[in-house]
Amino acid sequence: MPTYVILLGPPASGKGTQAAILKDYLGLPHVASGDLFRYNLKHQTPLGLQAKTYMDRGALVPDDVTIAMVLDRLAQEDCAGGALLDGFPRTLAQAQALDHALAEHGRRISRVLNIQVPDDVLVERVSGRRICRTCGETYHIRFKPPKTPGVCDLDGGELYQRDDDKPETVRNRLSVYWKQTSPLVDYYRQQGVLVDIDGNQPIEDVTAQLKEALANL
Ligand code: ADP
Ligand code: ADP
(Lines give C-alpha, C1' and ligand atoms only; values in the text may rest on other atoms or scores of the structure.)
(Ligands and ions follow the chains in the order given, each with its own letter.)
Protein backbone atom coordinates (compact mmCIF):
# COMPACT_ATOMS: atom_id res chain seq x y z
CA MET A 1 0.00 0.00 0.00
CA PRO A 2 1.54 3.37 -1.00
CA THR A 3 2.29 5.82 1.82
CA TYR A 4 0.99 9.39 1.72
CA VAL A 5 2.26 11.71 4.44
CA ILE A 6 1.09 15.34 4.64
CA LEU A 7 3.05 18.13 6.31
CA LEU A 8 0.42 20.62 7.43
CA GLY A 9 1.36 23.96 8.98
CA PRO A 10 1.39 27.71 8.44
CA PRO A 11 3.90 29.50 6.19
CA ALA A 12 7.47 29.15 7.54
CA SER A 13 6.51 26.50 10.11
CA GLY A 14 9.37 24.37 8.75
CA LYS A 15 7.54 22.08 6.32
CA GLY A 16 10.14 22.36 3.55
CA THR A 17 13.08 22.09 5.93
CA GLN A 18 11.70 18.94 7.52
CA ALA A 19 10.55 17.45 4.20
CA ALA A 20 14.10 17.66 2.87
CA ILE A 21 15.20 15.45 5.79
CA LEU A 22 12.17 13.15 5.97
CA LYS A 23 12.04 12.30 2.27
CA ASP A 24 15.16 10.17 2.62
CA TYR A 25 14.01 8.72 5.94
CA LEU A 26 10.70 7.68 4.37
CA GLY A 27 12.09 6.96 0.91
CA LEU A 28 9.33 9.06 -0.64
CA PRO A 29 9.48 11.92 -3.15
CA HIS A 30 8.94 15.42 -1.73
CA VAL A 31 5.96 17.00 -3.48
CA ALA A 32 5.71 20.71 -2.58
CA SER A 33 2.95 22.70 -4.30
CA GLY A 34 4.82 25.99 -3.74
CA ASP A 35 7.95 24.53 -5.41
CA LEU A 36 5.86 23.31 -8.35
CA PHE A 37 4.40 26.81 -8.79
CA ARG A 38 7.85 28.43 -8.52
CA TYR A 39 9.26 25.97 -11.07
CA ASN A 40 6.47 26.92 -13.49
CA LEU A 41 7.06 30.59 -12.81
CA LYS A 42 10.79 30.29 -13.47
CA HIS A 43 10.05 28.62 -16.81
CA GLN A 44 7.32 31.14 -17.63
CA THR A 45 4.68 28.49 -18.32
CA PRO A 46 1.01 29.58 -18.57
CA LEU A 47 0.40 27.88 -15.20
CA GLY A 48 3.28 29.81 -13.63
CA LEU A 49 2.09 33.15 -14.98
CA GLN A 50 -1.44 32.46 -13.76
CA ALA A 51 -0.20 31.46 -10.29
CA LYS A 52 2.06 34.53 -9.96
CA THR A 53 -0.81 37.01 -9.59
CA TYR A 54 -2.04 35.08 -6.54
CA MET A 55 1.35 34.29 -5.04
CA ASP A 56 2.44 37.94 -5.22
CA ARG A 57 -0.51 38.89 -2.99
CA GLY A 58 -0.06 35.96 -0.64
CA ALA A 59 -3.42 34.55 -1.78
CA LEU A 60 -4.08 30.93 -2.63
CA VAL A 61 -4.00 29.88 -6.28
CA PRO A 62 -7.51 28.67 -7.27
CA ASP A 63 -8.36 25.11 -6.28
CA ASP A 64 -9.00 23.71 -9.79
CA VAL A 65 -5.56 24.73 -11.06
CA THR A 66 -3.77 23.60 -7.89
CA ILE A 67 -5.56 20.26 -7.63
CA ALA A 68 -4.87 19.42 -11.29
CA MET A 69 -1.17 20.30 -10.90
CA VAL A 70 -0.62 18.20 -7.77
CA LEU A 71 -2.67 15.18 -8.89
CA ASP A 72 -0.72 15.21 -12.13
CA ARG A 73 2.53 15.15 -10.13
CA LEU A 74 1.25 12.29 -7.93
CA ALA A 75 0.45 10.26 -11.05
CA GLN A 76 4.10 10.27 -12.12
CA GLU A 77 6.10 7.10 -11.84
CA ASP A 78 8.35 8.14 -8.95
CA CYS A 79 5.20 8.60 -6.81
CA ALA A 80 4.06 4.98 -7.30
CA GLY A 81 4.98 4.22 -3.67
CA GLY A 82 3.34 7.40 -2.36
CA ALA A 83 4.62 10.88 -1.54
CA LEU A 84 5.54 13.34 1.17
CA LEU A 85 3.18 16.27 0.56
CA ASP A 86 4.22 19.77 1.63
CA GLY A 87 1.88 22.76 1.24
CA PHE A 88 -0.94 20.70 -0.27
CA PRO A 89 -3.79 20.40 0.56
CA ARG A 90 -4.47 23.92 1.83
CA THR A 91 -8.28 24.07 1.51
CA LEU A 92 -11.09 21.64 2.32
CA ALA A 93 -11.86 21.33 -1.41
CA GLN A 94 -8.24 20.29 -2.05
CA ALA A 95 -8.32 17.78 0.81
CA GLN A 96 -11.55 16.25 -0.48
CA ALA A 97 -10.23 16.08 -4.05
CA LEU A 98 -7.09 14.33 -2.81
CA ASP A 99 -9.07 11.82 -0.72
CA HIS A 100 -11.30 11.15 -3.70
CA ALA A 101 -8.40 10.65 -6.13
CA LEU A 102 -6.64 8.27 -3.72
CA ALA A 103 -9.85 6.35 -2.95
CA GLU A 104 -10.30 5.66 -6.67
CA HIS A 105 -7.19 3.51 -6.41
CA GLY A 106 -8.10 2.05 -3.00
CA ARG A 107 -5.56 4.32 -1.29
CA ARG A 108 -5.73 6.74 1.61
CA ILE A 109 -3.74 9.30 3.57
CA SER A 110 -1.39 7.53 5.99
CA ARG A 111 -0.58 10.39 8.35
CA VAL A 112 -0.94 14.16 8.68
CA LEU A 113 1.70 15.98 10.73
CA ASN A 114 0.32 19.24 12.08
CA ILE A 115 3.32 21.50 12.73
CA GLN A 116 2.36 24.20 15.23
CA VAL A 117 4.33 27.46 15.58
CA PRO A 118 3.13 30.81 17.07
CA ASP A 119 2.50 33.63 14.56
CA ASP A 120 5.22 35.95 15.92
CA VAL A 121 7.85 33.22 15.47
CA LEU A 122 6.64 32.62 11.90
CA VAL A 123 7.12 36.28 11.01
CA GLU A 124 10.72 36.14 12.28
CA ARG A 125 11.38 32.93 10.34
CA VAL A 126 10.01 34.32 7.09
CA SER A 127 12.02 37.52 7.29
CA GLY A 128 15.31 35.59 7.55
CA ARG A 129 14.49 32.87 5.02
CA ARG A 130 16.87 32.57 2.06
CA ILE A 131 16.64 30.05 -0.81
CA CYS A 132 19.23 28.73 -3.24
CA ARG A 133 18.42 29.89 -6.75
CA THR A 134 19.72 26.69 -8.31
CA CYS A 135 18.78 23.81 -5.97
CA GLY A 136 16.05 25.35 -3.77
CA GLU A 137 17.78 24.49 -0.46
CA THR A 138 16.38 26.65 2.36
CA TYR A 139 18.46 28.63 4.87
CA HIS A 140 17.81 31.13 7.63
CA ILE A 141 20.21 34.00 8.29
CA ARG A 142 20.08 33.26 12.06
CA PHE A 143 18.67 29.78 12.59
CA LYS A 144 20.26 27.92 9.69
CA PRO A 145 22.99 30.14 8.24
CA PRO A 146 25.03 29.03 5.21
CA LYS A 147 28.79 28.66 5.76
CA THR A 148 29.41 31.71 3.53
CA PRO A 149 26.72 34.43 3.60
CA GLY A 150 24.63 34.50 0.42
CA VAL A 151 26.08 31.24 -0.95
CA CYS A 152 24.51 27.75 -0.92
CA ASP A 153 26.56 25.12 1.01
CA LEU A 154 25.43 22.39 -1.38
CA ASP A 155 26.17 23.81 -4.83
CA GLY A 156 27.54 27.35 -4.40
CA GLY A 157 24.33 28.83 -5.86
CA GLU A 158 23.21 32.37 -5.04
CA LEU A 159 20.80 32.69 -2.11
CA TYR A 160 17.76 34.93 -2.63
CA GLN A 161 14.76 36.12 -0.67
CA ARG A 162 11.36 35.10 -2.05
CA ASP A 163 9.24 38.02 -3.36
CA ASP A 164 6.32 36.85 -1.24
CA ASP A 165 8.42 36.78 1.96
CA LYS A 166 8.08 40.54 2.48
CA PRO A 167 6.29 41.57 5.70
CA GLU A 168 3.06 42.88 4.05
CA THR A 169 2.52 39.66 2.10
CA VAL A 170 3.37 37.47 5.07
CA ARG A 171 0.59 38.94 7.20
CA ASN A 172 -1.85 38.13 4.42
CA ARG A 173 -0.51 34.57 4.08
CA LEU A 174 -0.95 34.01 7.80
CA SER A 175 -4.55 35.21 7.74
CA VAL A 176 -5.19 33.00 4.68
CA TYR A 177 -3.76 30.08 6.65
CA TRP A 178 -6.06 30.66 9.63
CA LYS A 179 -9.15 31.15 7.46
CA GLN A 180 -8.71 28.59 4.70
CA THR A 181 -6.19 25.98 5.82
CA SER A 182 -6.59 25.55 9.59
CA PRO A 183 -10.02 23.82 9.17
CA LEU A 184 -8.03 20.89 7.73
CA VAL A 185 -6.74 20.16 11.24
CA ASP A 186 -10.23 19.06 12.35
CA TYR A 187 -10.91 17.37 9.02
CA TYR A 188 -7.90 15.05 9.42
CA ARG A 189 -8.27 14.71 13.19
CA GLN A 190 -11.74 13.27 12.57
CA GLN A 191 -10.20 10.78 10.13
CA GLY A 192 -7.87 9.70 12.96
CA VAL A 193 -4.67 10.35 10.98
CA LEU A 194 -3.51 13.65 12.54
CA VAL A 195 -0.56 14.03 14.93
CA ASP A 196 0.26 17.42 16.51
CA ILE A 197 3.91 18.43 16.39
CA ASP A 198 5.54 21.26 18.38
CA GLY A 199 7.32 23.16 15.59
CA ASN A 200 8.67 25.83 17.94
CA GLN A 201 11.87 23.95 18.79
CA PRO A 202 15.29 23.65 17.16
CA ILE A 203 15.22 21.96 13.73
CA GLU A 204 16.71 18.65 15.01
CA ASP A 205 14.17 18.40 17.84
CA VAL A 206 11.29 18.89 15.43
CA THR A 207 12.77 16.20 13.18
CA ALA A 208 12.98 13.78 16.13
CA GLN A 209 9.33 14.40 17.06
CA LEU A 210 8.26 13.92 13.43
CA LYS A 211 10.17 10.64 13.15
CA GLU A 212 8.50 9.41 16.32
CA ALA A 213 5.09 10.28 14.83
CA LEU A 214 6.02 8.28 11.71
CA ALA A 215 7.56 5.33 13.50
CA ASN A 216 4.58 2.97 13.31
CA LEU A 217 3.52 3.74 9.74
P1 ADP B 1 4.92 28.74 2.50
O2 ADP B 1 5.22 27.34 2.94
O3 ADP B 1 5.92 29.73 2.95
O4 ADP B 1 3.51 29.16 2.77
P5 ADP B 1 4.66 27.80 -0.25
O6 ADP B 1 5.92 27.72 -1.02
O7 ADP B 1 4.05 26.54 0.22
O8 ADP B 1 4.95 28.83 0.93
O9 ADP B 1 3.55 28.55 -1.10
C10 ADP B 1 3.82 29.78 -1.74
C11 ADP B 1 2.57 30.29 -2.44
O12 ADP B 1 2.18 29.35 -3.47
C13 ADP B 1 1.33 30.41 -1.55
O14 ADP B 1 1.27 31.65 -0.85
C15 ADP B 1 0.21 30.30 -2.60
O16 ADP B 1 0.07 31.50 -3.34
C17 ADP B 1 0.77 29.24 -3.55
N18 ADP B 1 0.38 27.88 -3.11
C19 ADP B 1 1.21 26.89 -2.66
N20 ADP B 1 0.51 25.80 -2.35
C21 ADP B 1 -0.80 26.07 -2.60
C22 ADP B 1 -2.01 25.35 -2.46
N23 ADP B 1 -2.03 24.08 -1.99
N24 ADP B 1 -3.16 25.97 -2.82
C25 ADP B 1 -3.17 27.22 -3.31
N26 ADP B 1 -2.06 27.96 -3.45
C27 ADP B 1 -0.88 27.41 -3.09
P1 ADP C 1 7.75 26.23 5.24
O2 ADP C 1 8.17 25.25 4.17
O3 ADP C 1 6.78 25.65 6.22
O4 ADP C 1 7.26 27.53 4.66
P5 ADP C 1 10.64 26.47 5.80
O6 ADP C 1 11.08 25.07 5.96
O7 ADP C 1 10.97 27.17 4.53
O8 ADP C 1 9.04 26.58 6.10
O9 ADP C 1 11.21 27.30 7.04
C10 ADP C 1 11.01 28.71 7.13
C11 ADP C 1 12.30 29.40 7.62
O12 ADP C 1 12.53 29.05 8.99
C13 ADP C 1 13.54 28.96 6.86
O14 ADP C 1 14.40 30.08 6.77
C15 ADP C 1 14.14 27.85 7.74
O16 ADP C 1 15.58 27.79 7.62
C17 ADP C 1 13.74 28.31 9.14
N18 ADP C 1 13.41 27.19 10.05
C19 ADP C 1 12.80 26.02 9.74
N20 ADP C 1 12.62 25.27 10.85
C21 ADP C 1 13.10 25.99 11.90
C22 ADP C 1 13.22 25.74 13.32
N23 ADP C 1 12.76 24.63 13.87
N24 ADP C 1 13.76 26.73 14.06
C25 ADP C 1 14.22 27.87 13.50
N26 ADP C 1 14.16 28.15 12.18
C27 ADP C 1 13.60 27.22 11.38
Side-chain angles (χ1 to χ4, degrees), residues 1-16 18-19 22 26 28-41 47-48 50-76 79 82-119 122 126 164 169-199 210 213-214 217:
M1 181 74 141
T3 306
Y4 294 92
V5 173
I6 295 173
L7 291 172
L8 185 64
S13 55
K15 301 180 299 295
Q18 298 298 334
L22 293 177
L26 291 168
L28 293 174
H30 174 198
V31 173
S33 42
D35 289 349
L36 294 173
F37 284 130
R38 279 185 291 278
Y39 178 86
N40 276 280
L41 196 53
L47 171 64
Q50 192 186 354
K52 182 176 167 29
T53 57
Y54 298 93
M55 294 169 81
D56 281 348
R57 296 186 268 128
L60 294 183
V61 180
D63 282 334
D64 52 351
V65 177
T66 306
I67 291 166
M69 175 184 75
V70 176
L71 292 185
D72 193 52
R73 176 70 189 89
L74 291 177
Q76 287 169 22
C79 293
L84 175 57
L85 286 156
D86 158 10
F88 180 93
R90 256 177 157 101
T91 64
L92 274 175
Q94 291 177 15
Q96 286 160 349
L98 177 61
D99 276 350
H100 187 77
L102 295 181
E104 277 185 340
H105 297 92
R107 300 174 183 178
R108 60 191 301 270
I109 301 297
S110 315
R111 198 134 307 161
V112 178
L113 304 161
N114 178 34
I115 308 182
Q116 300 173 307
V117 177
D119 278 8
L122 296 171
V126 163
D164 61 342
T169 320
V170 169
R171 275 189 289 277
N172 195 31
R173 283 160 59 202
L174 286 175
S175 91
V176 164
Y177 171 81
W178 288 111
K179 272 194 220 123
Q180 295 183 260
T181 307
S182 67
L184 295 186
V185 171
D186 279 338
Y187 177 82
Y188 287 120
R189 208 186 293 285
Q190 276 163 21
Q191 290 191 12
V193 291
L194 190 100
V195 182
D196 290 317
I197 303 291
D198 176 8
L210 287 165
L214 292 166
L217 258 193

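One is the number of the first residue; the rest follow in order along the sequence. Every heavy atom of this structure was used, including side-chain atoms; hydrogens, water molecules and symmetry mates were not.
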Among all residues two or more places apart in sequence or in another chain, which pass the side-chain hydrogen bond (donor to acceptor under 3.5 Å, both in side chains) test with [X]?
X: D119; result: W178
X: R90; result: none
X: D198; result: none
X: R107; result: Y4

With [X] via side chain to side chain contact (heavy atoms under 4.5 Å, CB included) - residues at least two apart:
X: R108; value: M1, V193
X: A93; value: D63, T91
X: Q76; value: D72, R73, D78
X: V61; value: F37, A51, Y54, M55, V65, T66

Original post:
In chain order, what residues pass the salt bridge (charged side-chain N to carboxylate O under 4.0 Å, His left out) check against R111, with sequence neighbours excluded?
Top reply: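 By the salt bridge (charged side-chain N to carboxylate O under 4.0 Å, His left out) rule, R111 matches no residue at all.
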
**OP:** Determine yes or no for a side-chain-to-main-chain donor-acceptor pair under 3.5 angstrom, with K15 supplying the side chain and G9 the backbone.
**Re:**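 It does hold such a pair.
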
Subject >> Sole residue of N40, L47, L41 in side chain to side chain contact (heavy atoms under 4.5 Å, CB included) with K52 >> reply: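 Between K52 and the candidates, side chain to side chain contact (heavy atoms under 4.5 Å, CB included) is satisfied uniquely by L41.
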
**OP:** Can you run down the salt bridge (charged side-chain N to carboxylate O under 4.0 Å, His left out) pairs that involve residues 178-194, sequence neighbours left out, and say none if there aren't any?
**Re:**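 The answer is R189-D196.
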
Subject >> salt bridge (charged side-chain N to carboxylate O under 4.0 Å, His left out) contacts touching residues 29-41 (sequence neighbours left out) >> reply: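 Matches after skipping sequence neighbours: D35-R38.
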
**OP:** For residues T3 and L26, determine if any side-chain heavy atom of one lies less than 4.5 Å from a side-chain heavy atom of the other.
**Re:**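 Not in contact.
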
Original post:
Which pair of heavy atoms, one from V176 and one from G58, lies closest together, and at what distance?
Top reply: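 Smallest interatomic distance, heavy atoms only, reads CG2-O, 3.7 Å.
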
Subject >> Results of ring pair (Phe, Tyr, Trp, His ring centres under 6.0 Å) for Y39 - residues two or more places apart only >> reply: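 Residues passing ring pair (Phe, Tyr, Trp, His ring centres under 6.0 Å) with Y39: H43.
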
